[in-house]
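I have placed the structure first, in the form of structure tokens, so that the comments after it can refer back to it.
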2 protein chains.
Amino acid sequence: MGITKTEHFTDKQNELATLAKAIGHPARIAIIEYLIKVNSCICGDIVNELPLAQPTISQHLKELKNAGLIKGNFEGNAICYCLDEKGFEKIKLFFNHVDSYLENKKNQCC
Amino acid sequence: MGITKTEHFTDKQNELATLAKAIGHPARIAIIEYLIKVNSCICGDIVNELPLAQPTISQHLKELKNAGLIKGNFEGNAICYCLDEKGFEKIKLFFNHVDSYLENKKNQCC
DNA sequence: TATTTATATTGCAATATTACGATATGTTTT
DNA sequence: AAAACATATCGTAATATTGCAATATAAATA
């Protein structure tokens, strides 16, 4: 149905899914990588960098911001975007959990 | 258009997006967490654990498997599933990259 | 205040995802 | 071989996502 049964899962599971989903698009990966490279920039810079129209970039930025992966400050008439540690910190905890499991239990099954 | 312009992005960006997208659903987060808890199990166990129908679980397992996040071995007439380090290793590299950036550059902008 | 510059929003078309009933496939057991 | 068990696939309905043209909004500057 295209609709996810979020009510059947925990808040944490839903939050993690939202974060991962926000990262799950190549344009948004490219935006994150670009922000790491230039530290911070305005929306127009990303529009020039990526082969997507301005409204599309704006939409991707909105999703990254809603997920807590980037933040933006008004700077004159433009908005300066950069990474937001908060979102990445939350995902990091999940992957730390997975990694510590994988390091201890090596090829138990499969 | 619902269609992602993968051709405009690098293979690495597309692969990372595929991995993150596979994790980006609460049911698949729940499956990963359950596999960490029980180490390995068959599909039917997950069907009993989660409030989703068997075909839906089967579909989610397929996506996790295609992304390289889980693997399955035939064991009798059932299939034993467990986490696959390969997929997680690839995502880990990306997050390590992000984290080392975030640790060095604290609140440069925003 | 009119113009320019920068970004967001709206509306829409095309495609993707989610979910499940019904059914198919394959393996084990009787 | 038939029945039981385990999982995958098919078909379909409902909803979500992606992308962009057109347009709106908002700030800076002339």
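Numbered from 1 within each chain, the chains take letters A, B, ... in sequence-line order. Hydrogens, waters and symmetry mates are skipped; everything else that's a heavy atom, side chains included, is used.
Counting only heavy atoms from C-beta on, B/Thr56 has its side chain closest to C/dC20 among D/dA8, C/dC20, D/dC20. Closest to the B/Ile3 side chain, of the nucleotides C/dA19, C/dT15, D/dT7, is C/dT15. Between C/dA16, C/dT27, C/dT7, one nucleotide has an atom nearer to the side chain of A/Cys43 than all others, and that is C/dT7. You'll find that the side chain of B/Ser58 is closest to D/dA8, out of D/dA8, D/dC20, C/dA16. Closest to the B/Pro55 side chain, of the nucleotides C/dT9, C/dA22, D/dC20, is C/dA22. Side-chain proximity of A/Ile79 to the nucleotides C/dA16, C/dG26, C/dT7 is greatest for C/dT7. The side chain of A/Ala78 approaches C/dA6 more closely than any other nucleotide in the set D/dT7, D/dA22, C/dA6.
Rounded to an integer number of Å, the gap from B/Asn77 CG to C/dT28 C1' is 5 Å. In this structure, A/Ile70 places its CD1 atom 12 Å from P of C/dT7, rounding to the nearest Å. Between B/Gln59 atom CD and C/dG21 atom P the separation is 13 Å, expressed in whole Å. Taking atom CD of B/Glu63 as the reference point, atom P of D/dA8 lies 13 Å away to the nearest angstrom. Straight-line distance from the CD1 atom of A/Ile46 to the P atom of C/dT7: 9 Å, rounded to whole Å. At whole-Å resolution of the value, CG in B/Asn73 and P in D/dA6 are 18 Å apart. As rounded to whole Å, 9 Å separates atom C1' of C/dT27 from atom CZ of B/Phe74. Going from atom CG of A/Leu52 over to atom P of D/dC20 covers 5 Å, rounded to whole Å.
When only modelled atom types and interatomic distance are considered, B/Tyr34 and B/Asp45 share no side-chain donor-acceptor pair under 3.5 Å.
In this structure a side-chain-to-backbone donor-acceptor pair under 3.5 Å is present from A/Asn14 to A/Thr6. Side-chain atoms of B/Gln13 come within 3.5 Å of backbone atoms of B/Thr10 as a donor-acceptor pair (strictly under, hydrogens ignored). With hydrogens and angles ignored, the 3.5 Å screen pairs a side-chain donor or acceptor of A/Arg28 with a backbone N or O of A/Ala22.
A salt bridge links A/Lys71 and A/Glu85; the closest N-O separation between the charged side-chain nitrogens and carboxylate oxygens is under 4.0 Å.
For B/Gln54 against D/dA6, a side-chain-to-base donor-acceptor contact under 3.5 Å is absent.
In terms of position along DNA chain D, the nucleotide closest to B/Leu61 lies nearer the 5' end than the nucleotide closest to the other residue of the pair B/Leu61 and A/His60. Judged by closest nucleotide on DNA chain C, A/Lys62 is the one of A/Lys5 and A/Lys62 placed further toward the 5' end. For the pair A/Glu75 and A/Pro51, both in contact range of DNA chain D, the more 5′-proximal nearest nucleotide belongs to A/Pro51.
Using a 4.0 Å heavy-atom cutoff across all strands shown, B/Ile57 reaches no nucleic acid atom at all.
Between A/Leu102 and A/Val98 there is a side-chain heavy-atom pair separated by less than 4.5 Å. At a threshold of 4.5 Å between non-hydrogen side-chain atoms, the residues B/Ser40 and B/Tyr81 do not count as touching.
Using cut-offs of 30° and 60° for the angle between ring planes, the A/His60 and A/His25 rings count as tilted.
Distances shown here put a side-chain N or O of A/Tyr81 below 4.0 Å from the OP1 or OP2 atom of C/dA8.
DNA chain D lies under 4.0 Å from at least one heavy atom of each of the following residues of residues 10-32 of chain A: A/Lys21, A/His25, A/Arg28.
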